[in-house]
Amino acid sequence: MQQLAIFGGTFDPIHWGHLLVAETALHQVPLEQVIWVPSLNPPHKQAALFKHRVAMLKLAIENNPAFKISLIESKRFGISYAINTLIDLSALHPNTHWYWIIGLDAFQTLPRWYRGNELAPMCDWLIAPRLLGGETIAQSELICKQVEKKLREQSFTINWQLLDIPLVGVSSSLIRKLCREGQSIRYLLTEPVRWYIAEHNLYCNNSE
């Protein structure tokens, strides 16, 4: 049985933090492949055009054969739900043990997701600690255990593990802010992605 992971997100833009998380998951589990799933129209967010985010994602991961992009979200009408993504990918990849790569902040909200209780036991969860409020690893573990407790109270099980990564304070929102202010974003993301952002004037006031 192969072991694959879903890494969903806006990736607006993809940066070194995302790549570090995926590479860590690849070797920590270990996984055969990480499937990146960019969201088409993320709720509650105004993101760069889907075509730009996909193009940047392709540039960032093109040299890693264990990274693959799925455009499955672009084929779905209406609101996209995580459980549907997993069901659809499972149909394309039978005989697979699934993992879901997710940030700590998003994992905290899992019990409130659409059919989140059903989704929780359908895959193992690989959680990337975040510099939310300066949490330590011990505090991150406590947060995860609280989520597990909420699900168990509703008779649902969940398997999770923290990814052993350095806490890197890089975020897509920081990069967008620096772009708007005309500051350097070098070394926050790969050079091809930086060039793409400059070429298409993304994240500045007159962006496409």
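Keep in mind that this is a model prediction, so the values were computed, not measured.
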Asks: Taking only residues two or more places apart in sequence or in another chain, which ones pass side chain to side chain contact (heavy atoms under 4.5 Å, CB included) with Asn159?
Replies: Asp124
Asks: If you measure from CD1 on Ile137 to OG on Ser140, what distance do you get to the nearest 0.5 Å?
Replies: 5.0 Å
Asks: Charged N to carboxylate O under 4.0 angstrom, Arg115 versus Glu118?
Replies: yes
Asks: Identify, with sequence neighbours excluded, every residue that meets salt bridge (charged side-chain N to carboxylate O under 4.0 Å, His left out) alongside Asp88.
Replies: Arg76
Asks: Trp98: which residues meet the side chain to side chain donor-acceptor pair (under 3.5 Å) condition with it, sequence neighbours left out?
Replies: Ser90
Asks: Using atom types as modelled, flag every donor-acceptor pair under 3.5 Å from a side chain in residues 57-69 to any protein atom, sequence neighbours excluded.
Replies:
from  : atom 1 : to    : atom 2 : distance (Å)
Asn64 : OD1    : Ala66 : N      : 3.0
Asn64 : ND2    : Glu23 : OE1    : 3.2

Asks: Name all pairs fulfilling the ring-ring contact (aromatic ring centres under 6.0 Å, His included) condition that reach into residues 149-194, sequence neighbours left out, sorted by first residue then second.
Replies: none
Asks: Which residues pass the side chain to side chain contact (heavy atoms under 4.5 Å, CB included) test with Trp16, not counting sequence neighbours?
Replies: Leu19, Thr190
Asks: Output all residues satisfying salt bridge (charged side-chain N to carboxylate O under 4.0 Å, His left out) with Glu148, sequence neighbours left out; order by chain, then residue number.
Replies: Arg152
Asks: Not counting sequence neighbours, list each pair that qualifies as a salt bridge (charged side-chain N to carboxylate O under 4.0 Å, His left out) and has a residue in residues 31-42.
Replies: none
Asks: According to ring-ring contact (aromatic ring centres under 6.0 Å, His included), who are the partners of Phe7, at least two apart in sequence or on a separate chain?
Replies: Phe11, Trp36
Asks: Which residue pairs satisfy the salt bridge (charged side-chain N to carboxylate O under 4.0 Å, His left out) criterion with at least one member in residues 171-190, sequence neighbours excluded?
Replies: Asp12-Arg176, Lys177-Glu181
Asks: Donor-acceptor pairs are to be reported for all side-chain atoms of residues 162-172 against protein atoms at under 3.5 Å, with residues two or more places apart or in another chain.
Replies:
from   : atom 1 : to     : atom 2 : distance (Å)
Ser171 : OG     : Ser173 : OG     : 3.1
Ser171 : OG     : Leu174 : N      : 3.1
Ser172 : OG     : Pro13  : O      : 2.8

Asks: For Ser39, which residues count as a side chain to side chain contact (heavy atoms under 4.5 Å, CB included) partner, sequence neighbours excluded?
Replies: Thr10, Pro42, Arg53
